[in-house]
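What follows is a set of notes on a single structure, which appears directly below.
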Amino acid sequence: MSQQILNEQEVIRRESLTKLRELGIEPYPAALFPVDALAKDIKQTYADGLQQRDILINELLEGKRVNVVLAGRLMSRRIMGKASFAELQDSSGRIQIYLNRDEICLGEDKELYNTVFKKLLDIGDFIGIKGYVFVTQVGEISVHVEEMTVLAKSLRPLPVVKKDEDGNVYDAFADTELRYRMRYVDLVVNEQVRETFLKRTKLMNTMRQFFNDHGYLEVETPVLQSIPGGAAARPFITHHNALDIPLYLRIANELYLKRLIVGGFDGVYEFSKNFRNEGMDRTHNPEFTVMEIYVAYKDYNWMMAFTEQMLEKIATELHGTTQVPFGDTTLNYAAPYPRVTMYEAIERFTGVDISSMDEAQLRVTCRQQGVEVDETMGRGKLIDELFGAKCEGNFIQPTFITDFPVEMSPLCKKHRTNPQLAERFELMVNGKEVANAYSELNDPIDQRERFLEQMRLADRGDDEAMTIDHDFLRALEYGMPPTSGLGIGIDRLTMFMTNQNTIQEVLFFPQMRPEKA
RNA sequence: GAUUUCGUAGCUCAGCUGGUAGAGCAGUACACUUUUAAUGUACGGGCCCUGGGUUCGAAUCCCAGCGAAAUCACCA
């Protein structure tokens with residue numbers, strides 16, 4: 001236990017805590033509080049009535065009294081002697097509450113108002129209120145408090161963010177370091193942050209619903225793997241004591257989902273937290289979420305149509321339209337999206353047709369285009385570099401890039417008409433990859449050969465080549481139906497769907513260096 | 001990993017070419033029974049990120065470290 005050095009405000013809050021107890025008020029009561037309303041619902045219910053204010057006021061104040069029980073944090077107070085206004089914030093938002101000394105303290109004892117509310121409560125404290133809905137003279141829907149209960153004392157001062165009537169924000173809690181390290185504070189104080197994360201969940205729910213409606217099965221596969229397969233990346237390594245073996249946190253779940261297709265499921269999907277021990281930046285976090293789905297008897301053409309339908313649905317669920325603002329532009333997720341082959345893309349942005357070039361010619365072309373290459377790079381890698389440097393960033397609106405070099409796609413079926421290519425597509429949005437999909441390679445002999453090719457690349461110096469998973473090959477030898485698989489970077493998609501340009505803004509707890517030295 | 005920028009009150013920020021710390025909000029006290037960035041008066045609150053150095057004197061200049069952000073590199 002480290003001794004805490006308390007600042008002035010923290011000391012005062014702790015003193016208030018003690019005083020509450022001395023008054024016989026438990027600041028952390030055990031009993032439930034019977035909440036029956038949310039701030040947002042109350043405001044929405046009467047928003048229409050507000051336009052005919054007189055009618056509403058009459059209804060509420062005379063005829064139909066609407067009793068509500070609310071709980072939340074006290075977020076501001078405007079005390080005017082014997083009456084006060086305050087703002088209560090619950091999970092749905094804020095609503096103004098009105099307290100009158102003689103109404104919450106019916107007898108001679110005015111302590112609950114004078115001492116508890118005015119002195120001992122602070123911004124950030126949880127309180128519960130019982131009262132009725134009314135509209136103030138200036139027309140704000142509020143709750144007239146008749147009973148007030150302390151639910152939980154807050155011992156640290158929250159940042160106070162103010163907004164004027166035009167919606168301008170003052171003194172926003174904006175320090176990224178503090179916001180990410182104390183996301184709980186960020187969420188309390190910054191409404192847009194809460195909105196972003198609500199959208200993230202809605203996005204995943206929509207996706208899940210879409211898959212379930214198609215009859216596909218949500219599954220779970222191992223996070224701890226003895227062979228980190230399905231992608232090429234440096235893994236996190238751990239150790240299992242009882243078995244005395246190294247284990248790796250998964251870098252992908254692809255090979256396990258395919259085993260389940262071998263096992264007879266028609267469609268399986270998983271929201272997979274993956275881990276990669278690599279650099280961190282605005283679009284990379286060491287742990288991140290990928291949704292992978294595999295569907296039997298389909299190919300990558302089917303998967304393109306499936307993908308664009310799903311994204312159209314997601315955009316509509318989140319925004320009510322397929323037009324989604326992002327930075328200076330608007331992304332339109334209405335299906336269908338253009339299909340552009342990788343060769344076409346390169347020709348479009350470099351003017352060079354590389355479709356029949358060999359490795360040496362490609363290397364020359366790359367250098368002519370100002371793309372740095374070295375001798376370890378094979379044909380596939382060279383094409384990938386060229387695409388990455390010259391083309392990728394140009395695809396702002398959702399676009400499928402198809403038919404990648406086979407060397408870069410060791411788990412993907414060869415193209416049905418051109419064995420140098422793979423039946424693969426990536427979905428580009430805003431110049432970035434958000435999805436990757438194949439007609440999955442189900443020929444076990446070809447698959448073994450591809451793994452061996454990966455090993456040769458590794459020997460040649462490519463440190464990203466994949467390792468062989470013999471059990472996976474065994475599974476394929478038992479037979480896997482033709483299958484198409486899709487992986488979607490959930491964090492990135494969320495970024496594009498919520499107009500955020502860093503991954504940290506769509507992860508509740510992005511990786512940070514530990515505090516303190 | 002490289003470069004640049006930043007680190008001052010609970011929060012948001014000033015603090016010039018070195019002279020010993022400021023504002024707004026928040027807090028405390030008083031007033032105020034329909035306010036809404038409530039208002040009025042008064043008051044308190046700082047290891048100026050850490051450690052060295054230069055100097056009579058460092059929040060300020062120099063070096064190193066720690067942390068963060070941006071750009072680049074890396075990461076299919």
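Values reported hereafter were calculated over all heavy atoms of this structure, with side chains retained and with hydrogens, waters and symmetry mates removed.
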Cation-pi, Tyr343(A) ring and Arg348(A) (6.0 angstrom, 45 degrees): no
Applying salt bridge (charged side-chain N to carboxylate O under 4.0 Å, His left out) as the test, list every pair that has at least one member in residues 104-119 of chain A; sequence neighbours left out. Asp102(A)-Lys110(A)
NA contact type, Leu178(A), heavy-atom cut-off 4.0 Å: base, sugar-phosphate, or nothing? sugar-phosphate
May I have the distance from Met75(A) (atom CE) to C25(B) (atom P), rounded to whole angstrom? 18 Å
Atom CE of Met182(A) to atom C1' of A68(B): distance rounded to whole Å? 14 Å
Scan every strand shown for a Watson-Crick or G-U wobble partner of C43(B), both distances under 3.5 Å, and answer none if you come up empty. G27(B)
Nearest whole Å is fine: how far is A69(B) P from Gln511(A) CD? 12 Å
By the definition side-chain hydrogen bond (donor to acceptor under 3.5 Å, both in side chains), identify the one residue from Thr402(A), Asn436(A), Asp403(A) that meets it with Arg424(A). Asn436(A)
Given that both distances must come in under 3.5 Å, which nucleotide forms a Watson-Crick or G-U wobble pair with U71(B)? A2(B)
Distance in angstrom units between Gln504(A) CD and A70(B) C1', rounded: 12 Å
Under 4.0 Å, counting only non-hydrogen atoms across every strand here, what does Pro410(A) touch: a base, just sugar-phosphate, or nothing? base
Choosing from A38(B), A68(B), C11(B), which nucleotide comes nearest the side chain of Phe173(A)? C11(B)
With sugar-phosphate meaning primed atoms plus P, OP1 and OP2, does Asp102(A) contact a base, only sugar-phosphate, or nothing at under 4.0 Å between heavy atoms? base
Rounded to whole Å, the CD-C1' distance (Glu10(A) to G27(B)) equals 12 Å
In the strands shown, is C13(B) matched to any nucleotide by a Watson-Crick or G-U wobble pair with both distances under 3.5 Å, and which? G22(B)
Using 4.0 Å as the upper bound for N to carboxylate O, is an ion pair formed by Arg379(A) and Glu359(A)? no
Can you tell me which nucleotide in C75(B), A37(B), U35(B) comes closest to the side chain of Thr136(A)? U35(B)
Rounded C1' spacing from U34(B) to A29(B) in Å: 25 Å
Any Lys162(A) side-chain nitrogen or oxygen under 4.0 Å from OP1 or OP2 of A37(B): no
Checking C74(B), A26(B), U33(B) against the side chain of Val160(A) (C-beta onward), the nearest is A26(B)
Determine whether any donor atom in the side chain of Gln96(A) lies under 3.5 Å from an acceptor atom in the base of U35(B), or the reverse, and answer yes or no. yes
When the C1' atoms of C48(B) and A59(B) are considered, how many whole Å apart are they? 4 Å
Nearest-nucleotide comparison on RNA chain B, the residue closer to the 5′ end among Tyr98(A) and Asp122(A): Asp122(A)
Does a side-chain N-to-carboxylate-O contact under 4.0 Å join Glu270(A) and Arg250(A)? yes
Report yes or no: is there a donor-acceptor pair, N or O only, under 3.5 Å between the side chain of Glu8(A) and the base of G44(B)? yes
Less than 4.0 angstrom between a side-chain N/O of Lys119(A) and OP1 or OP2 of U28(B), yes or no? no
What's the gap between A26(B) and A68(B) when it is taken at their C1' atoms, as a whole Å value? 25 Å
Using a 4.0 Å heavy-atom cut-off, does Asn7(A) contact any base of the nucleic acid, only the sugar-phosphate backbone, or nothing at all? sugar-phosphate
How would you label the contact of Ser16(A) with the nucleic acid (heavy atoms, under 4.0 Å): base, sugar-phosphate, or nothing? nothing
Work out how far the C1' atom of C56(B) is from that of A73(B), and round it to whole angstrom. 48 Å
How far does the P atom of U4(B) sit from the matching atom of G45(B), given to the nearest Å? 40 Å
State which of U35(B), A69(B), G10(B) makes the closest approach to the side chain of Pro157(A). G10(B)
Atom CZ of Arg101(A) and atom P of A31(B): how far apart are they, to the nearest Å? 12 Å
Identify which nucleotide among C74(B), A70(B), U35(B) has an atom closest to any side-chain atom of Glu140(A), counting heavy atoms from C-beta outward. U35(B)
Both distances under 3.5 Å, Watson-Crick or G-U wobble: report the partner of A37(B), or none. none
Using the rule for Phe, Tyr, His and the six-membered ring of Trp, do Tyr170(A) and A37(B) stack at under 5.5 Å and under 30°? yes
With respect to the phosphate group of U35(B), does any side-chain polar atom (N or O) of Arg78(A) fall under 4.0 Å of OP1 or OP2? no
Searching all strands shown, indicate the nucleotide that pairs with C32(B) (Watson-Crick or G-U wobble; both distances under 3.5 Å). none
Lys413(A) and side-chain hydrogen bond (donor to acceptor under 3.5 Å, both in side chains): which single residue from Asn442(A), Asp299(A), Thr483(A), Asp446(A) fits? Asn442(A)
Expressed as a whole number of angstroms, how long is the span from Arg77(A):CZ to U28(B):C1'? 12 Å
Side-chain N or O of Arg513(A) closer than 4.0 Å to phosphate OP1/OP2 of A68(B): yes
Counting the benzene-type ring for Trp, do Tyr184(A) and Phe508(A) have ring centres under 6.0 Å apart? no
At 4.0 Å (heavy atoms only), tell me whether Arg94(A) reaches a base, stays on the sugar-phosphate, or touches nothing. nothing
Given that both distances must come in under 3.5 Å, which nucleotide forms a Watson-Crick or G-U wobble pair with A59(B)? none
Tell me whether the side-chain N/O atoms of Arg282(A) come closer than 4.0 Å to OP1 or OP2 in U71(B). yes
Compare the minimum distances between each of A70(B), U12(B), A73(B) and the side chain of Asp281(A), then state the nucleotide with the smallest one. A73(B)
P spacing across the pair C63(B) / U5(B), given as an integer number of angstrom: 11 Å
Select from Gln9(A) and Ala86(A) the residue whose nearest nucleotide in RNA chain B is closer to the 5' end of that strand. Gln9(A)
Do you know which two heavy atoms are closest between Glu147(A) and Val145(A), and how far apart they sit? O-CG1, 3.3 Å
Roughly how far apart, to the nearest Å, are U41(B) and G67(B) at atom C1'? 42 Å
Met280(A) CE to G67(B) C1', in whole Å, measures 12 Å
Determine the Euclidean distance between corresponding P atoms of G53(B) and G44(B); express it in Å to zero decimal places. 36 Å
Nearest non-hydrogen partners of Ile354(A) and Ile383(A), listed with the distance: CD1-CG1, 3.9 Å
Any strand, both distances under 3.5 Å, Watson-Crick or G-U wobble: A64(B) pairs with U50(B)
Shortest non-hydrogen pair, Val406(A) vs Lys414(A), comes out as CG2-CG, 3.8 Å
Has the side chain of Asp171(A) got a donor or acceptor atom sitting under 3.5 Å from an opposite partner on the base of G24(B)? yes
Nucleotide nearest Ile12(A) when distance is taken to its side chain, options G27(B), A69(B), A26(B): G27(B)
